[in-house]
Amino acid sequence: MAELLFESYGVPSVAFGVDAAFSYTYNQRLGICDKEGLAVCSGFNTSHVIPFVEGEPVFEACCRSNVGGYHVTDYMKQLLSLKYPQHMAFLTWEKVEDLKMEHCYIAQDYSSEVKLFQNKTKEAEEKTRCWQLPFTPAPVEEQPSAEEIARKAAYKEKQGQRLREMAESKRASRINELENELRGLDFLLRQVEKVDDDSVPEFLSDTGYLSKQEIESSISKVNQSLRRTKREQVELEEKAEAATAEKFPLVDVPDNMLTPEQLKEKKKQIFLKTTAEGRQRARQKRAEEELQREKHNQLEEEKRLENPEAYLEQLRTKYKGLLEKVEQKKLLKSNGNNSNGNPTSGGVGRGERMNAAKKERMRLLTTAAFDRGKGEDTFGARDEDWQLYKLMSKDNDDDDEGPDEDEAELIRISSRLQDIDPTFTAKPESGLRQTADVPRSRTLTQEDFQISMAVERFRCPEILFNPNIVGIDQSGLDEMVGVSLRRFSPQGKGLEEKLTSSILLTGGSSQFSGLSDRLEAGVRMIRPCGTPIRVIRASDPIYDAWRGASSYAASLHFPQQTFTKMDYEEKGEDWLRTYKFRYSL
């Protein structure tokens, strides 16, 4: 420091002193403390206990600890960040420092204070402080009134009626178009029948058709479309049989009457006929299902128009029952056969519900794996092995888990309720019921933006007396006083009593409420009974050190306490080690 001041900044003279000593001598001149006493200075990074005899500090008997206000602030920031991780942006160092100086205090009995908060007593609630963070409440969505709900329902009904009328008009127009097309095809077919077979292609050249069979096929398709549009069941048995007979003429002919080429053609026609019949059956089944749905919807609409309130209540009841049933099924699938709703530890879930085919395949696989380890693997050498392979194949598994009719019905009823009930809200489908440990989304309130400080108020500054809380194996303030006093043992008991009768607290971290009483109680425990103990706080723990140094610098004797640049150049750095500043002028 001297080298920097003299050589870099050109300072003419320098004097070095200790802040705690300046603060003690300044308060001594104010009459707050005596010439003999202890200066307990708890600063930002360190804490010191410096004894004073005849107004001069005895640095040989001082005691130091590497714990100060920095550690208190850092510990408090850690605790609040762990407690409120969602508000870490607000927990800046400067803000935590302000909270520490405003709300922290020293507990007289740390264990009793902790139990007070553990029991959640009324006194603990009174000592708890809350810091309200900036909060903007979410806009409250007003529930629609009965008139608004009725108006929306009427408007929805009007829109539905309009859509039904438009659909009916479109269907009538489509029926008219199909009937006109059918009459035209029938007329064309009658004209073709009057023409010779050789003249048919020439006659049909301008119509877009190539043969009489093509016209008949078009008539069949138009008839199907017309019946489907009229919501009638499509009956195609007779025409399908006739078309099949014409299209596959070799199917019913015995094999002994056919040539080898015709036999190949017959096999091909049998395959095509089977495929065509399958497609025809699928189309017929879809048409029947669609017709059935139309009839069911028509009956549902009639029930609704007859008694809307009863119909709506019936739908809600059915929806609730199906929802519980579907959730129970999914719960059983997840937990196996355990029907109490709680997953079983060590269970296999859906594996417990294997059907007979799955169990048999599992048995065969296990047996094959066991036999493979006995010797040479000869699986597949015999024809019986391939039969066993077919049994183990998943393709032959008759899975009993087909489409769930209850889920389909639940979706249909939910869609229907959404159409006719404006207040209905479908519940999201879930495989399991919500458990207690799954957080549910909710609207944030003002309480969610509050930081509560309870045990943190006294737990953080407690490290001044118990540094081991933050992992620092050093003495607290009361123990440091005892260490410093023990170094005066050879000088007699009277000096120790004088020192304990004037203990001055200074430094920024000495401003905590309750620090004087706690330090007095701690010193009393390590001193003999009847020892006079007086703990006082400096007039201004933060700025008294500067005021003391300022008054020394303004005195006439101050130049005698300094050394100049010439002394530094002549005597060197080692002379600084023997430099001592006299605080009593």
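Throughout, residue positions are numbered sequentially from 1 according to the sequence presented.
Side-chain atoms of Glu123 and Thr121 form no donor-acceptor pair, as typed in the model, at a separation below 3.5 Å. Neither side chain, Tyr311 nor Glu306, offers a donor N or O lying under 3.5 Å from an acceptor on the other. No hydrogens or angles considered: a donor-acceptor pair under 3.5 Å links the side chains of Arg164 and Gln161.
Contact of the Gln159 side chain with the Lys156 side chain is not registered, since no non-hydrogen atoms from C-beta on lie closer than 4.5 Å. Side chains of Leu263 and Lys267 form no contact here, defined as non-hydrogen atoms less than 4.5 Å apart. Between Phe458 and Ile106, every side-chain heavy-atom pair lies at or beyond the 4.5 Å cut-off. Using a 4.5 Å cut-off on side-chain heavy atoms (C-beta onward), Glu324 and Gln328 make no contact. Within the 4.5 Å cutoff, no side-chain heavy atoms of Glu165 are placed close to those of Ser169. Counting only heavy atoms from C-beta outward, the side chains of Cys104 and Met76 approach each other to under 4.5 Å. The shortest side-chain heavy-atom distance between Glu294 and Gln298 does not fall under the 4.5 Å cut-off. Side-chain contact between Glu409 and Lys318: present, with at least one pair of heavy atoms (C-beta onward) separated by less than 4.5 Å.
We find the CG-CD distance between Asp186 and Glu181 to be 10.5 Å, quoted to the nearest 0.5 Å. One finds the NZ atom of Lys221 at 16.0 Å from the CG atom of Leu226 (value rounded to the nearest 0.5 Å). Annotation: the span from Lys100 atom NZ to Leu80 atom CG amounts to 13.0 Å, rounded to 0.5 Å. In this structure, CG on Leu322 lies 11.0 Å from OG1 on Thr317, to the nearest 0.5 angstrom. Between atom CD1 of residue Ile215 and atom CD of residue Gln191 there is a gap of 10.5 Å, rounded to the nearest 0.5 Å. Residue Asn307 holds its CG atom at 11.0 Å from CD of Glu313, rounded to the nearest 0.5 Å.
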Item to check | Verdict with supporting geometry, Arg281 and Gln284, side chain to side chain donor-acceptor pair (under 3.5 Å) | outcome: CA-CA 5 Å; Arg281 286 193 297 269; Gln284 184 176 357; over 6 Å; no

Checklist entry - Under the side-chain contact (heavy atoms from CB on, under 4.5 Å) criterion, do His103 and Trp131 qualify, and how do the steps go? => result CA-CA 10 Å; His103 299 292; Trp131 173 32; over 6 Å; no

Next on the checklist: Let's go through Lys285 and Glu288 carefully: what are the C-alpha distance in whole Å and the side-chain angles of both, what is the deciding distance for salt bridge (Lys or Arg N to Asp or Glu O under 4.0 Å) to 0.1 Å, and is it a yes or a no?
Outcome noted: CA-CA 5 Å; Lys285 184 178 180 181; Glu288 291 176 355; over 6 Å; no

Next on the checklist: Please evaluate residues Glu261 and Lys264 with respect to the criterion salt bridge (Lys or Arg N to Asp or Glu O under 4.0 Å), reporting the C-alpha separation (whole Å), side-chain torsions for both, the decisive distance (0.1 Å), and the verdict.
Outcome noted: CA-CA 5 Å; Glu261 291 78 9; Lys264 293 181 180 179; over 6 Å; no

Item to check | Residues Val114, Arg459; criterion side-chain contact (heavy atoms from CB on, under 4.5 Å); working and verdict | outcome: CA-CA 9 Å; Val114 169; Arg459 184 179 182 182; over 6 Å; no

Checklist entry - Should Glu168 and Arg171 be marked as a salt bridge (Lys or Arg N to Asp or Glu O under 4.0 Å) after you check the CA-CA gap, both sets of side-chain angles, and the distance that decides it? => result CA-CA 5 Å; Glu168 188 64 27; Arg171 189 170 68 88; 2.6 Å; yes

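When all heavy atoms are compared, the tightest approach of Asn223 to Leu182 is OD1-CD2, 3.1 Å. For the pair Cys460 and Tyr75, the tightest heavy-atom approach, listed with the atom from each and the gap, is CA-CD2, 3.8 Å. Of all heavy-atom pairs spanning Pro461 and Glu456, the tightest one is CD-O, 4.3 Å. When all heavy atoms are compared, the tightest approach of Ala454 to Thr128 is CB-OG1, 4.0 Å. When all heavy atoms of Ile463 and Val470 are compared, the closest pair comes out as CG2-CG1, 3.8 Å. Val96 and Thr73 get closest at one heavy-atom pair: CG1-O, 3.7 Å.
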Contacts under 3.5 angstrom, residues 84-91 side chains, donor-acceptor by atom type, not counting sequence neighbours:
unit_1, atom_1, unit_2, atom_2, d
Tyr84, OH, Ser452, N, 2.9
His87, NE2, Asp448, O, 2.9

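Without hydrogens or angle criteria, Thr274 side chain to Ile270 main chain gives a donor-acceptor distance under 3.5 Å. In this structure, Asp74 contributes its side chain and Tyr70 its backbone to no donor-acceptor pair below 3.5 Å. Asn180 places a side-chain N or O within 3.5 Å of a backbone atom of Asn176 that can act as its donor or acceptor partner. A donor-acceptor pair is defined here as one N or O able to donate and one able to accept, closer than 3.5 Å; no such pair exists between the side chain of Ser415 and the backbone of Ile411.
Open room surrounds NZ on Lys320; 12 or fewer heavy atoms of other groups in view lie less than 6.0 Å from it. The environment of Gln292 atom CD is sparse: at most 12 non-hydrogen atoms of other residues, nucleotides or ligands sit within 6.0 angstrom. Other residues, nucleotides and ligands contribute only 12 or fewer heavy atoms inside 6.0 Å of the NZ atom of Lys268.
Taking the ring pair (Phe, Tyr, Trp, His ring centres under 6.0 Å) definition, one finds that Tyr155 meets it with nothing, sequence neighbours left out.
Phe135 and Phe449 have tilted rings, their planes meeting at an angle from 30° to 60° on a 0 to 90° scale.
Ion pair Glu148/Arg151 flagged as a salt bridge, since at least one NZ, NE, NH1 or NH2 atom sits closer than 4.0 Å to an Asp/Glu carboxylate oxygen. For Lys127 and Glu113, the salt-bridge test passes: some basic side-chain N is under 4.0 Å from an acidic carboxylate O. A salt bridge does not link Glu102 with Arg129: none of the charged nitrogens is closer than 4.0 Å to a carboxylate oxygen.
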